[in-house]
Amino acid sequence: MRLSNYFLPVLKETPADATIASHRFMLRAGMVKQDSAGIYIWLPLGFKVLQKIEQIVREEQNKAGAVEMLMPTIQSANHWKETGRYDAYGPEMLRITDRGDRELLYGPTNEDMITDMFRSYVRSYKDLPQMLYHSQWKFRDERRPRFGVMRGREFLMKDAYSFDIDPAAARVSYYKQFVAYLNTYARMGLQAVPMKADTGPIGGDLSHEFLILAETGESEVFCHKDLVDMPPPGYLDTDEAREAVFKERTSLYAATDEMHDADEFAKVPADKQLSARGIEVGHIFYFGDKYSAPMNAQVQGPDGKNHNIMMGSYGVGVSRLVGGIIEACHDENGIIWPKSVAPFGAGIINLRKGDEAVDAACEDIYAKLSAANIDPLYDDKDDRGGQKFARMDLIGLPYQIVVGPRGLKEGKVEVKTRASGEKQDMTIEAAINFITGEFAE
RNA sequence: CGGGGCGUAGCGCAGCCUGGUAGCGCACCUGUUUUGGGAACAGGGGGUCGCAAGUUCGAAUCUUGCCGCCCCGACCA
């Protein structure tokens with residue numbers, strides 16, 4: 001992409017509304033614009049990152065055996081009345097009336113809808129297990145939206161739903177998602193720690209929140225330090241292997257302040273105790289027949305009797321992750337994107353537009369990086385160098401190639417690695433090889 | 001939902017206390033000189049001062065009501 005042909009409204013000054021780093025940088029880097037409280041327009045740069053995150057989530061869900069679908073944003077109140085949640089949900093649910101005075105709502109989640117859909121087709125235990133997911137915009141009328149997209153009212157969420165014949169089978173589904181979540185966050189350059197979450201009236205040990213550690217996190221967290229160093233499990237093809245990972249990760253202490261047990265935490269060796277702040281980026285839980293029972297979602301088992309379907313749901317806050325990743329990856333100059341979610345792989349800075357040799361070198365690099373699928377952003381604007389450097393640092397592309405007349409006389413360009421700040425002079429060919437090599441890893 | 005604050009040009013702000021019809025920086029447009037880390041000079045465009053009512057000869061400024069947004073807390077992916 002040529003910057004002269006892109007829509008990237010960067011701001012030099014920080015908008016007064018933004019207090020935390022991710023919100024500041026997302027506004028300054030021209031990623032989002034607030035339309036009203038907790039509702040954002042996703043500008044091209046922000047939208048690109050959002051889609052990359054969504055795609056990683058999609059790929060890992062598919063690997064876990066989940067099947068993608070799409071449910072509507074607007075739901076009929078009828079499903080919610082059947083489960084009793086229409087009254088239980090409270091003012092966080094945005095209620096709408098259509099021209100025929102029918103009660104609708106903008107969905108805050110989809111358990112009721114998918115349970116209704118599922119029961120209408122499935123009759124036999126032979127049709128189970130099933131795991132379905134979608135990635136869809138949701139709305140919760142938060143009392144106090146804040147922190148930009150991290151706590152918006154409208155947000156993009158991936159939610160998956162599992163359907164099993166009994167609690168033991170549901171546990172197998174849960175492990176699949178548990179492992180998939182560890183791999184999903186690792187691919188985004190994040191270390192997400194699963195922490196025990198409140199299971200409410202369901203009980204049991206099957207509810208976990210996934211948190212990334214960041215100073216600006218909303219929750220206080222306590223965990224064993226070793227959890228923060230564990231590598232992702234990667235793809236596992238047996239239930240036993242997945243269960244082993246689940247046991248490994250949940251055997252060490254990890255809890256948010258609501259579930260914190262100071263006595264248990266005290267049993268963790270002192271040098272392994274970590275108390276920090278975290279951002280919740282996912283939540284998975286098993287809820288059994290909470291919806292299937294009131295909705296009569298049943299299948300006939302091998303015993304000839306009807307059984308309530310045992311369900312679980314698994315959420316990833318996709319739009320929240322955009323902010324969450326920035327909280328974990330930035331410096332005073334701007335964002336530092338992990339390669340996997342960066343909106344462009346590298347930036348090319350033309351320091352002297354109009355100079356024949358510089359223009360030609362930039363075009364050459366642009367063509368070669370494009371051919372290598374690096375998806376470069378070429379700053380071909382007629383701005384001064386300093387402005388280009390500052391802008392490129394702000395939007396945080398992993399690598400920058402700086403092309404100017406001075407270096408070009410020696411046949412060199414400068415390659416800057418955004419994360420380390422390291423700069424090296426090299427030939428154009430070496431620069432291309434270096435960057436394509438970094439992305440091949 | 002409790003407590004606090006803000007609304008003046010695209011962005012960041014001053015002016016309000018003590019009423020006299022709006023200003024600064026950045027951004028933007030034109031020109032000249034510049035050009036390797038957010039250039040300098042000169043000229044220029046852009047605002048029903050959130051909305052409404054009231055007080056007054058006169059309201060950005062005082063009064064009342066409404067709307068919007070933010071921050072702290074409680075709550076949530």
Side-chain angles (χ1 to χ4, degrees), chain A residues 9-20 23-24 27-28 30 33-39 57 89-93 107-111 135-160 181 192 197-198 200 207-212 217-219 256-258 278-285 313-324 333-334 349-355 358 379 381-394 400 402-410 412-414 416 421 423 425:
Chain A
V10 301
L11 305 174
K12 191 168 176 179
E13 288 176 276
T14 300
D17 293 350
T19 54
I20 64 167
H23 192 193
R24 274 203 319 268
L27 293 172
R28 286 196 50 211
K33 175 173 171 57
Q34 179 168 316
D35 190 61
S36 62
I39 300 178
V57 171
Y89 214 89
E92 284 199 342
M93 184 153 73
T109 178
N110 291 74
E111 283 89 357
S135 187
Q136 178 62 291
W137 290 94
K138 306 200 173 2
F139 194 92
R140 290 184 194 167
D141 198 358
E142 293 281 347
R143 277 172 287 196
R144 192 187 154 209
R146 64 183 117 171
F147 303 146
V149 299
M150 294 223 295
R151 177 86 180 270
R153 292 196 291 174
E154 187 185 54
F155 55 97
L156 183 61
M157 186 171 169
K158 182 285 297 182
D159 41 322
Y181 272 47
D198 193 358
S207 177
H208 290 87
E209 295 179 338
F210 287 75
L211 289 102
I212 55 174
E218 289 189 89
S219 331
T256 60
D257 50 359
E258 348 176 275
I279 299 168
E280 185 183 342
V281 290
H283 192 169
I284 61 177
F285 51 96
S313 80
Y314 314 87
V316 172
V318 176
S319 51
R320 164 177 278 204
L321 271 165
V322 180
N333 296 320
I349 293 179
N350 182 331
L351 280 179
R352 190 70 60 88
K353 200 181 171 224
D355 180 300
V358 176
D379 187 346
K381 292 186 68 166
D382 204 8
D383 296 323
R384 301 173 68 85
Q387 200 177 345
K388 294 191 174 198
F389 293 128
R391 179 166 54 212
M392 203 59 88
D393 280 349
L394 175 64
Q400 302 171 10
V402 182
V403 186
R406 198 196 287 167
L408 218 49
K409 272 183 201 153
E410 316 296 323
K412 299 284 181 63
V413 296
E414 180 186 276
K416 174 173 169 179
K423 299 170 191 168
D425 287 336

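Letters go in sequence order (proteins before strands), and every chain restarts at 1.
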**Report entry** Distance between C1' atoms of G12(B) and G38(B) (Å, rounded)
**Finding:** 16 Å
Query - Complement of G20(B), any strand, by Watson-Crick or G-U distances under 3.5 angstrom - result: C57(B)
**Report entry** Distance between C1' atoms of A39(B) and U35(B) (Å, rounded)
**Finding:** 8 Å
Query raised in the report: With a non-hydrogen cut-off below 4.0 angstrom, is Gln400(A) in contact with a base, only sugar-phosphate, or nothing?
Result: nothing
Query raised in the report: Would you say Tyr181(A)'s side chain and Ile284(A)'s backbone share a donor-acceptor pair under 3.5 angstrom?
Result: no
Report task. List in chain and number order the residues that pass side-chain hydrogen bond (donor to acceptor under 3.5 Å, both in side chains) with Lys412(A), two or more places apart in sequence or in another chain; answer none if no residue qualifies. Result -> none
Can you tabulate the close N/O pairs, meaning under 3.5 Å, that link protein atoms to atoms of nucleotides 30-33 of chain B?
none

Requested in this report: With sequence neighbours excluded, tell me which residues meet side-chain contact (heavy atoms from CB on, under 4.5 Å) with Lys12(A).
Outcome: none
Query raised in the report: NA contact type, Ser319(A), heavy-atom cut-off 4.0 Å: base, sugar-phosphate, or nothing?
Result: nothing
Requested in this report: Apply side-chain contact (heavy atoms from CB on, under 4.5 Å) to Ala160(A) and list each qualifying residue two or more places apart in sequence or on a separate chain.
Outcome: Gln61(A), Tyr133(A), Lys158(A), Gln177(A), Tyr314(A)
Report task. Would you mind classifying the nucleic acid contact of Gly315(A) as base, sugar-phosphate or nothing, using non-hydrogen atoms under 4.0 angstrom? Result -> nothing
Query raised in the report: Across the strands shown, which category fits Gly152(A) at heavy-atom distances under 4.0 angstrom: base, sugar-phosphate, nothing?
Result: base
Requested in this report: For nucleotides G36(B) and A42(B), find the distance between their C1' atoms and express it as a whole number of Å.
Outcome: 27 Å
Requested in this report: Would you mind classifying the nucleic acid contact of Gln34(A) as base, sugar-phosphate or nothing, using non-hydrogen atoms under 4.0 angstrom?
Outcome: sugar-phosphate
Result block: side-chain N/O donor-acceptor pairs under 3.5 angstrom for residues 144-154 of chain A, not counting sequence neighbours:
residue	atom	partner	partner atom	Å
Arg151(A)	NE	Glu142(A)	OE1	3.3
Arg151(A)	NH1	Glu218(A)	OE1	3.2
Arg151(A)	NH2	Glu142(A)	OE1	3.0
Arg153(A)	NE	Ala37(A)	O	2.8
Arg153(A)	NH1	Asp141(A)	OD1	2.9
Arg153(A)	NH2	Ala37(A)	O	3.1

Report task. Quick one: label Lys158(A) by what it contacts on the DNA or RNA (base, sugar-phosphate, nothing), any heavy atom closer than 4.0 Å. Result -> nothing
Requested in this report: Would you mind telling me which residue lines up with the more 5' stretch of RNA chain B, Asp382(A) or Glu13(A), judged by nearest nucleotide?
Outcome: Glu13(A)
Query raised in the report: If we call it a pair only when both distances are under 3.5 Å in a Watson-Crick or G-U wobble match, what pairs with C28(B)?
Result: G44(B)
Report task. With C1' as the reference atom in both, quote the distance from A53(B) to C67(B) in angstrom, rounded to an integer. Result -> 14 Å
Report summary line: Closest of C1(B), G36(B), C71(B) to the Thr19(A) side chain is C71(B)
Query - Residues in side-chain hydrogen bond (donor to acceptor under 3.5 Å, both in side chains) contact with Glu209(A), at least two apart in sequence or another chain - result: none
Query raised in the report: Which part of the nucleic acid does Asp383(A) contact within heavy-atom distance under 4.0 Å: base, sugar-phosphate only, or nothing?
Result: nothing
Query raised in the report: So which nucleotide does U35(B) pair with, by the Watson-Crick or G-U wobble rule with both distances under 3.5 Å?
Result: none
**Report entry** Non-neighbouring partners of Leu351(A) that pass side-chain contact (heavy atoms from CB on, under 4.5 Å), sequence neighbours left out
**Finding:** Ile349(A), Phe389(A), Val402(A)
**Report entry** Donor-acceptor pair, side chain of Arg28(A) and main chain of Leu11(A), under 3.5 angstrom
**Finding:** yes
Query raised in the report: In whole angstroms, how far is the C1' atom of G37(B) from the CG atom of Asp379(A)?
Result: 13 Å
**Report entry** Side-chain touch Lys33(A)/Leu27(A), heavy atoms, less than 4.5 angstrom
**Finding:** no
Query - Atom pair CG (Asp257(A)) and OG (Ser219(A)), whose distance is rounded to the nearest 0.5 Å - result: 6.0 Å
Report task. Check the distance between G12(B)'s C1' and Arg24(A)'s CZ and give it to me in whole angstrom. Result -> 15 Å
Report task. If C49(B) has a Watson-Crick or G-U wobble mate with both distances under 3.5 Å, name it; if not, just say none. Result -> none
Report task. Give the rounded distance in Å between these two atoms: CZ of Phe389(A) and P of U35(B). Result -> 15 Å
Requested in this report: Mind calculating the distance between CD1 (Ile39(A)) and C1' (C69(B)) to the nearest angstrom?
Outcome: 13 Å
Report task. Can you tell me, in whole Å, how much space there is between the P of C51(B) and that of U8(B)? Result -> 10 Å
**Report entry** Pairing residues for Phe285(A) by the ring-ring contact (aromatic ring centres under 6.0 Å, His included) criterion, not counting sequence neighbours
**Finding:** His283(A), Phe287(A)
Report summary line: Scoring nucleotides 38-47 of chain B by protein non-hydrogen atoms under 4.0 Å (B base, S sugar-phosphate only, - none) yields BB--------
Query raised in the report: Are OP1 or OP2 of C72(B) and a side-chain N or O of Arg144(A) less than 4.0 angstrom apart?
Result: yes
Query raised in the report: With a 4.0 Å cut-off on heavy atoms, is Val316(A) in touch with a base, just the backbone sugar-phosphate, or nothing at all?
Result: nothing
Query raised in the report: Whole Å only: how far is the NZ atom of Lys409(A) from the C1' atom of G36(B)?
Result: 12 Å
